[in-house]
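Inspection log for the structure reproduced underneath, given as C-alpha cells.
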There are 2 protein chains.
Amino acid sequence: MQSIKVSVDAVVFGYDPEEGVSVLLITRKYEPFQKFWALPGGLVKDEESLEAAVKRELKEEAGIDVTYLEQLYTFGKPERDPRNRVVSVAYYGLVRPKDYHISAQTDADDVAWFNIKKLPRLAFDHKNIVEIAIKRLRGKIAYEPIGFELLDKKFPFSDLEKLYQVLLDRDVDRRNFKKKIMSYGFLEELPESIQRSAGRPAKLFQFNKKKYFELQERGYNFDLFI
Amino acid sequence: MQSIKVSVDAVVFGYDPEEGVSVLLITRKYEPFQKFWALPGGLVKDEESLEAAVKRELKEEAGIDVTYLEQLYTFGKPERDPRNRVVSVAYYGLVRPKDYHISAQTDADDVAWFNIKKLPRLAFDHKNIVEIAIKRLRGKIAYEPIGFELLDKKFPFSDLEKLYQVLLDRDVDRRNFKKKIMSYGFLEELPESIQRSAGRPAKLFQFNKKKYFELQERGYNFDLFI
DNA sequence: GTAATTTCGTGTATAGATTACACAAACCCA
DNA sequence: TGGGTTTGTGTAATCTATACACGAAATTAC
C-alpha cells in the first residue's frame with residue numbers, strides 16, 4: 001500500500017517598478033522548519049484538482065488571487081521532506097500590482113514579499129523551486145506575453161520596458177522594444193495618459209487578449225526576443 | 001487522511017528514417033480499460049524517486065532503457081482515473097534505433113511501437129498526454145540538441161535532417177540546416193562513411209557532449225530554429 | 001516665471017541572420 | 001557505361017535585429 005502524500009507549492013510573483021520582482025513567502029508555524037520562510041502550499045484534498053488546491057491555499061494563507069497560474073515542475077525525491085514522503089507539484093503565478101500592494105501592507109509577520117535578489121533561507125527544497133520558477137519566468141516572457149499579468153490592466157509602456165529590464169537583467173532599447181512589441185498587434189494604445197512623477201505624461205496601453213488569441217490561432221509565433 | 005495515489009507515465013519516442021517517429025505503448029491487462037493500449041507506467045514506490053519509478057516501469061513492462069528522460073507534466077484531475085484518485089507525473093523519453101528495433105521485434109502483443117500519426121485509442125487521458133509530449137518534443141528540438149538521442153551515436157547528416165523534417169512536418173533546406181547546426185560546433189565529422197542504399201556514401205557525424213556543455217556554460221544560446 | 005530636470009516619444013542606417021536556390025561528386029545497379 | 005540515387009557544397013537577396021540622439025511635455029527648483 002502506497003503512503004505517498006501529494007502537496008502543491010506556489011511561487012507567486014509580484015512586481016513594482018520601484019522595487020522590482022518579488023516572491024510571496026509565508027512563515028511556517030510547525031515543525032519541520034518551524035519559523036522558516038517557505039512557499040505557500042499544502043496537501044491536496046481528495047476531491048480537488050491540483051490547480052484548485054493551489055488557489056485554495058493561496059487564499060487561505062495569503063488572501064491572494066492570482067491572475068496567471070501555470071504548473072512549474074513536480075518535485076518528488078524521497079528525502080525532500082524529512083518526515084513523510086511528499087510529492088509536491090509546484091506552480092508559479094503572477095499577481096497585479098493591486099494584489100501585490102494589498103498583501104504587502106498586511107503587516108502580518110507571517111506573509112511577506114521578498115525581492116528575488118534578496119531571498120531569505122527557505123524551508124525544504126523551496127530555494128531550488130524558487131530558482132527554477134525564476135528561470136522559467138525569464139524564459140517564458142521571451143516567447144509569450146505574460147508580463148502584462150504583472151502590470152495594471154492599463155499601463156504606460158515604460159512599465160513594461162522596465163519589467164523586461166529587471167527580469168532579463170540587462171538594458172533594453174526603448175525604441176527597438178516598442179517597435180517589436182507593437183508589431184504583434186495585441187497591444188492597444190489608449191487615448192488616456194497618466195503621469196506618476198516629473199516628466200512628460202505617458203500614454204496608457206492595454207493588452208488585448210482577444211486579438212492575441214486570434215493571432216495565436218493563425219499559427220503566429222511570438223518570439224518576443226528582445 | 002489523504003488517499004491520493006501517485007503514479008508515473010512515460011511517453012517514449014523512437015525513430016527510424018523509414019518509418020518516422022513512434023511512441024511505445026502497452027496493452028492493459030486489467031480493468032479499467034482492459035485490453036486498451038496505454039502508456040507504460042504505474043504506481044511509485046514509497047522509497048523510490050519519480051525518475052527511478054519511470055525507469056523501473058519501462059524495464060519491467062517493455063525491457064527498455066531510455067537515453068534521455070525528462071519530466072513532461074503532472075496530470076491530477078480527480079476524475080482522470082475512474083476508480084481511485086491518481087495523480088500521474090508524466091515523463092517523455094527518447095531511445096536510440098537499437099532499442100527501438102529490438103522492442104519492435106519482440107512480437108509480444110502487449111508492447112508495440114505506434115507511429116505518432118497513427119495512434120490507436122488510448123486508456124485514461126493518455127491521448128492527451130501523448131499529444132502534449134509530441135508538442136513538447138517538437139518545441140524542444142528547436143532550442144536544444146536532443147534530436148541526436150533518437151539517432152545512432154554515429155549518424156549521417158541526412159538522418160538528422162530527415163528527423164527534423166518529420167518532427168517539424170515541413171521541408172528543411174539541406175545546406176542551410178547543415179550550415180546552422182555545424183556553426184554551433186558540437187557536432188564532429190568523423191573520417192568514416194557509410195552507405196545504406198544507392199547513392200554517394202555519407203560521412204558520419206557524432207554529437208560531442210563535452211563540447212556542448214562547454215558552450216552551454218559560456219552562456220551560449222542554442223536557437224536551432226530552422 | 002524662467003531655467004533645469006525628468007520622463008516620454010519617435011526614425012534611420014548598419015550589421016547580422018535567414019532564406020532561396022542548383023549543380024557536381026560518389027556510389028549502385030542494370 | 002549510362003541512368004538512378006544520395007551526398008555535399010557557396011553565394012546573393014531579403015528580412016530581422018541592433019545601434020543610436022534629440023525634441024516634446026510635463027514637474028521642480030530657484
Side-chain angles (χ1 to χ4, degrees), chain A residues 16-19 141-143 145 151-152 154-166 168-185 187-206 215 219-226, chain B residues 16-19 141-143 145 151-152 154-166 168-185 187-206 215 219-226:
Chain A
D16 181 285
E18 306 294 315
E19 298 160 42
I141 59 158
Y143 63 93
L151 304 177
D152 288 318
K154 300 174 180 185
F155 57 88
F157 212 89
S158 56
D159 273 15
L160 190 64
E161 190 197 322
K162 265 180 219 148
L163 172 61
Y164 273 76
Q165 306 220 26
V166 170
L168 302 178
D169 200 23
R170 61 186 168 85
D171 275 13
V172 167
D173 182 88
R174 188 148 27 117
R175 281 172 289 191
N176 294 338
F177 180 70
K178 188 169 181 185
K179 208 186 306 170
K180 180 131 200 189
I181 298 284
M182 295 310 287
S183 75
Y184 293 118
L187 261 199
E188 309 179 313
E189 184 171 339
L190 301 171
E192 314 160 52
S193 295
I194 54 156
Q195 193 175 359
R196 278 192 304 212
S197 61
R200 178 173 173 171
K203 296 224 177 88
L204 288 174
F205 290 78
Q206 145 179 297
L215 292 167
Y220 225 88
N221 211 4
F222 298 100
D223 291 355
L224 299 179
F225 288 113
I226 310 304
Chain B
D16 181 285
E18 306 294 315
E19 300 160 40
I141 58 157
Y143 62 93
L151 304 178
D152 288 318
K154 298 175 181 186
F155 57 88
F157 212 89
S158 57
D159 274 14
L160 190 64
E161 190 197 322
K162 265 180 218 148
L163 172 61
Y164 272 77
Q165 306 218 30
V166 171
L168 302 177
D169 200 24
R170 61 186 168 84
D171 274 14
V172 167
D173 182 89
R174 189 150 25 119
R175 280 172 291 190
N176 294 337
F177 180 71
K178 187 169 181 186
K179 208 188 306 170
K180 180 131 200 190
I181 298 284
M182 293 312 285
S183 74
Y184 293 117
L187 261 199
E188 310 178 314
E189 185 172 338
L190 300 172
E192 315 160 49
S193 295
I194 54 155
Q195 193 176 359
R196 280 192 303 212
S197 62
R200 179 173 173 168
K203 295 225 176 89
L204 288 174
F205 290 77
Q206 147 178 295
L215 292 167
Y220 224 87
N221 211 6
F222 298 99
D223 291 355
L224 300 180
F225 287 113
I226 309 305

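Side chains are part of it too, since the values below use all heavy atoms of this structure and drop only hydrogens, waters and symmetry mates. No experiment lies behind these values; they were computed from the predicted model shown.
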Proximity to the side chain of [X] - top-ranked nucleotide from [options]:
X      : options               : result
A/K180 : D/dT7, C/dT18, D/dA17 : D/dA17
A/R175 : C/dC8, C/dG11, C/dA22 : C/dG11
A/D173 : C/dA20, D/dC20, C/dG9 : D/dC20

In this structure, how many angstroms lie between the [atom2] atom of [N] and the [atom1] atom of [X], rounded?
X      : N      : atom1 : atom2 : value
B/K162 : D/dT5  : NZ    : P     : 14 Å
A/D171 : D/dA19 : CG    : P     : 10 Å
B/R170 : C/dT19 : CZ    : P     : 8 Å
A/F177 : D/dA19 : CZ    : P     : 16 Å
A/R174 : D/dA19 : CZ    : P     : 16 Å
A/K178 : C/dG11 : NZ    : P     : 10 Å
B/E161 : D/dT6  : CD    : C1'   : 11 Å
A/E192 : D/dA25 : CD    : C1'   : 18 Å

Taking only residues two or more places apart in sequence or in another chain, which ones pass salt bridge (Lys or Arg N to Asp or Glu O under 4.0 Å) with [X]?
X      : value
A/E19  : none
A/E189 : A/K203
B/R196 : B/D159

Under-4.0 Å side-chain N/O to phosphate OP1/OP2 contact, A/S158 with C/dT7: no

Residue closer to the 5' end of DNA chain C, A/K179 versus A/D159 (nearest nucleotide): A/D159

Report the distance from atom [atom1] of [X] to atom [atom2] of [Y], rounding to the nearest 0.5 Å.
X      : Y      : atom1 : atom2 : answer
B/I194 : B/L204 : CD1   : CG    : 5.0 Å
A/Q165 : A/R174 : CD    : CZ    : 9.5 Å
B/M182 : B/F205 : CE    : CZ    : 5.0 Å

Geometric class of the A/F157/A/F177 ring pair [parallel <30°, tilted 30-60°, perpendicular >60°]: perpendicular

Polar pair under 3.5 Å, donor/acceptor by atom type, side chain A/R196, base D/dA26: no

Output one line per pair: protein atom, nucleotide atom from nucleotides 26-30 of chain C, and distance, for all N/O pairs under 3.5 Å.
{"residue": "C/dA26", "atom": "N3", "partner": "B/R200", "partner atom": "N", "Å": "3.2"}
{"residue": "C/dC27", "atom": "O3'", "partner": "B/Q195", "partner atom": "OE1", "Å": "3.2"}
{"residue": "C/dC27", "atom": "O3'", "partner": "B/Q195", "partner atom": "NE2", "Å": "3.1"}
{"residue": "C/dC27", "atom": "O2", "partner": "B/G199", "partner atom": "N", "Å": "3.4"}

Bending between helix ends of the helix from C/dG1-D/dC30 to C/dA30-D/dT1 [5 pairs per end, 10° resolution]: 10°

With B/K179 via side-chain contact (heavy atoms from CB on, under 4.5 Å) - residues at least two apart: B/N176

For B/Q195, side-chain contact (heavy atoms from CB on, under 4.5 Å) partners two or more places apart: B/P201

Quick one: which protein N/O atoms are closer than 3.5 Å to N/O atoms of nucleotides 14-16 of chain C? Pair and distance per line, please.
none

Check: B/D152 side chain, B/K154 main-chain N or O, donor-acceptor pair, under 3.5 Å: no

Partner of B/F155 under side chain to side chain contact (heavy atoms under 4.5 Å, CB included), chosen from B/L163, B/L187, B/L190: B/L187

